[in-house]
Amino acid sequence: GTINVSQAIQHSCNYFFYEMGYRLGGGHNLIVDNEKGLNKLKKYAGKYGLTSKSGIELPEADPTFSSIDVVRSSIGQGTNNYTPVQLSRYVTTVANGKTCYDLTLVDKTVNTVSKKTTTNSAKKKNTLDVSSSTLSAIKTGMKNVVNSGSLTTLFSKVPVIVAGKTGTAQINANEPNHALFVSFAPYSNPEISVTVQIPNGYTSSNAAELASNVYKYYYDKNGKKVTGVKKIGKYTYVFAKNGKLVTNKKYYKYNAKTYYKIAKNGRAKKLSAVETLAAIRLKKCGGNLKKAFNWSSSVRYAGNYKVAKK
């Protein structure tokens, strides 16, 4: 039956990408020009940073782009060989949809003599000229890998939507497969990319499970989660000072003249007019209930106190 790019990524459909490689090589009557096809693949791989080192300030192996068999190379086989950070740069480029960067581990440098501080940031390597519809199809497929299949349970406790892709590298009949998972999050407003590679890890779900733990650590109360308000996708969330997602109190964020409250499932819901007034008072008083309701007697009407106190 028919299948599109997003579905092919979601279901890891080798046949779809075999056909793509076959066509790139001008396939006809089972004859394919491997050199022609591989050159086309390499051209686009280069745009996503897969033909050069990532740029980090550490010793790094050179990436290896496949030099044999365009059909098998189209699903990542052949002689393709990349480090996790190189794959993360590739996924980061997909996620932001515009720019491939030379990555860096250095935020700033300080001259110990003059005390002068020099800030540092990732440098632009190249800009993509890929249509938004193409990138959307790729990212939709990656989102569905995580949220509409066997990995859903693994990521059910991650408080943001993750997009990713599994991979399994087969070696021989006597060794377990290598396990791979590449990803980024949050899906609608990407902040980080996580790549997990487990040598002889048996199955890609093992790599995905480890990645889910990284996301939970980063975004949950024990991780390096941002504090205060944070817009994720179309919803605005509130985090306590310890970095924990606020779900047991009605905290709010003004956004396009609409306030939102956070339900226990982490979703945001639109407030009623009464709740909005209570939200405004709470926001202006820094979330302090007592201060909010001593500030003006008008806030007590229409059950506002009861609404906010919940």
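Position 1 is the first residue of the sequence; numbering continues from there.
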task: List the atom of Ala95, the atom of Pro190, and the distance in Å for their closest heavy-atom pair.
output: O-CG, 3.7 Å
query: Less than 4.5 Å apart, any side-chain heavy atom of Thr168 and any of Thr166?
result: no
query: Would you find a donor on one side and an acceptor on the other, under 3.5 Å apart, between the side chain of Asn29 and the backbone of Ile31?
result: no
query: Has Lys40 got more than 12 heavy atoms of other residues, nucleotides or ligands less than 6.0 Å from its NZ?
result: yes
- request: May I ask you to test the Tyr218-Val160 pair for a side-chain heavy-atom distance under 4.5 Å?
  value: no
- request: Would you indicate whether the side-chain heavy atoms of Lys165 and Ser12 approach each other to under 4.5 Å?
  value: yes
- request: Please examine the side chains of Phe16 and Val5, heavy atoms only from C-beta on, and report whether any two atoms are closer than 4.5 Å.
  value: yes
query: Does Thr153 offer a backbone N or O that forms a donor-acceptor pair with the side chain of Ser156 under 3.5 Å?
result: yes
- request: Report the distance from atom NZ of Lys47 to atom OG1 of Thr93, rounding to the nearest 0.5 Å.
  value: 12.0 Å
message: Would Thr92 and Asn96 count as a side chain to side chain contact (heavy atoms under 4.5 Å, CB included) here? Give the steps.
response: CA-CA 6 Å; Thr92 297; Asn96 76 59; 4.2 Å; yes
task: Give the intermediate values and the outcome of side chain to side chain contact (heavy atoms under 4.5 Å, CB included) for residues Thr195 and Leu180.
output: CA-CA 8 Å; Thr195 295; Leu180 177 69; 4.3 Å; yes
query: So how far is it from Gln7 CD to Thr2 OG1, rounded to the nearest 0.5 Å?
result: 7.0 Å
message: Please find the pair of heavy atoms, one from Leu154 and one from Ala208, that lie closest to each other, and give the distance.
response: CD1-CB, 4.3 Å
message: Checking the side chain of Asn144 only, and the main-chain atoms of Gln10 only, is there a donor and an acceptor separated by less than 3.5 Å?
response: no
task: Please report the closest heavy-atom contact between Phe65 and Thr79, naming both atoms and the distance.
output: O-OG1, 4.0 Å
- request: Looking only at non-hydrogen atoms, find the nearest pair between Ala137 and Ser6 and report the distance.
  value: O-OG, 2.7 Å
- request: Is it possible for you to say whether Leu135 and Val182 belong to one hydrophobic cluster, with membership spreading through side-chain heavy-atom contacts below 4.5 Å?
  value: yes
query: Are Met142 and Ile3 grouped together when hydrophobic residues (ILVMFWY) are joined by side-chain heavy atoms under 4.5 angstrom apart?
result: yes
field: Backbone N/O of Ala61 and side chain of Gln86: donor-acceptor pair under 3.5 Å
entry: yes
message: Given Phe184, which partner from the list Lys139, Lys143, Glu191 fulfils the side-chain contact (heavy atoms from CB on, under 4.5 Å) test?
response: Lys139
task: Check whether Val91 and Val85 end up in the same hydrophobic cluster, where Ile, Leu, Val, Met, Phe, Trp and Tyr are linked by side-chain heavy atoms less than 4.5 Å apart.
output: no
task: For the residue pair Ile9 and Phe17, establish whether any side-chain heavy-atom pair is separated by less than 4.5 Å.
output: yes
message: Any non-hydrogen side-chain atom of Thr64 less than 4.5 Å from a side-chain atom of Asp62?
response: no
- line: When every non-hydrogen atom of Leu105 is compared with those of Glu57, the smallest separation belongs to N-OE1, 2.8 Å
field: Nearest-0.5 Å distance that lies between atom CG in Asn177 and atom CG in Asn172
entry: 9.5 Å
Whether Tyr215 and Tyr219 hold their rings parallel, tilted or perpendicular, with breakpoints at 30° and 60°: parallel
- request: Specify the closest pair of heavy atoms between Leu38 and Ser66, including all atoms of both residues, with the distance to one decimal.
  value: CD2-O, 3.8 Å
task: Quick one: sort the Phe155 and Phe181 rings into parallel, tilted or perpendicular, breaks at 30° and 60°.
output: tilted
task: Determine yes or no for a side-chain-to-main-chain donor-acceptor pair under 3.5 angstrom, with Tyr22 supplying the side chain and Leu30 the backbone.
output: yes
task: Any chance you could measure Tyr44, atom OH, to Leu128, atom CG, to the nearest 0.5 Å?
output: 11.0 Å
task: For the pair Ser188 and Ile161, evaluate side chain to side chain contact (heavy atoms under 4.5 Å, CB included) and give the outcome as yes or no after the intermediate values.
output: CA-CA 8 Å; Ser188 297; Ile161 297 176; 5.8 Å; no
query: In terms of hydrophobic clustering (I, L, V, M, F, W, Y; side-chain heavy atoms under 4.5 Å; direct or indirect links), are Leu58 and Leu103 co-clustered?
result: yes
field: pair Tyr187-Asn147: side-chain heavy atoms closer than 4.5 Å
entry: no
- prompt: Going from OG1 on Thr203 to NE2 on His178, what distance comes out if it is rounded to the nearest 0.5 angstrom?
  reply: 14.0 Å
message: Within this structure, what is the CD1-OG1 distance for the pair Ile56 and Thr83, rounded to the nearest 0.5 Å?
response: 6.5 Å
Pair Ser54-Glu60, side-chain hydrogen bond (donor to acceptor under 3.5 Å, both in side chains): steps then yes or no: CA-CA 8 Å; Ser54 70; Glu60 180 183 358; 3.1 Å; yes
query: Can you check whether Cys100 reaches Arg89 side chain to side chain, under 4.5 Å on heavy atoms?
result: yes
task: Kindly say whether Glu209 contributes a backbone atom to a donor-acceptor pair with the side chain of Ser212 at under 3.5 angstrom?
output: yes
task: Kindly check if the number of other-residue, nucleotide or ligand heavy atoms within 6.0 Å of NZ (Lys123) is above 12?
output: yes
- request: Decide yes or no on side chain to side chain contact (heavy atoms under 4.5 Å, CB included) for Ile192 and Val214, but give the supporting numbers first.
  value: CA-CA 11 Å; Ile192 64 171; Val214 173; 5.7 Å; no
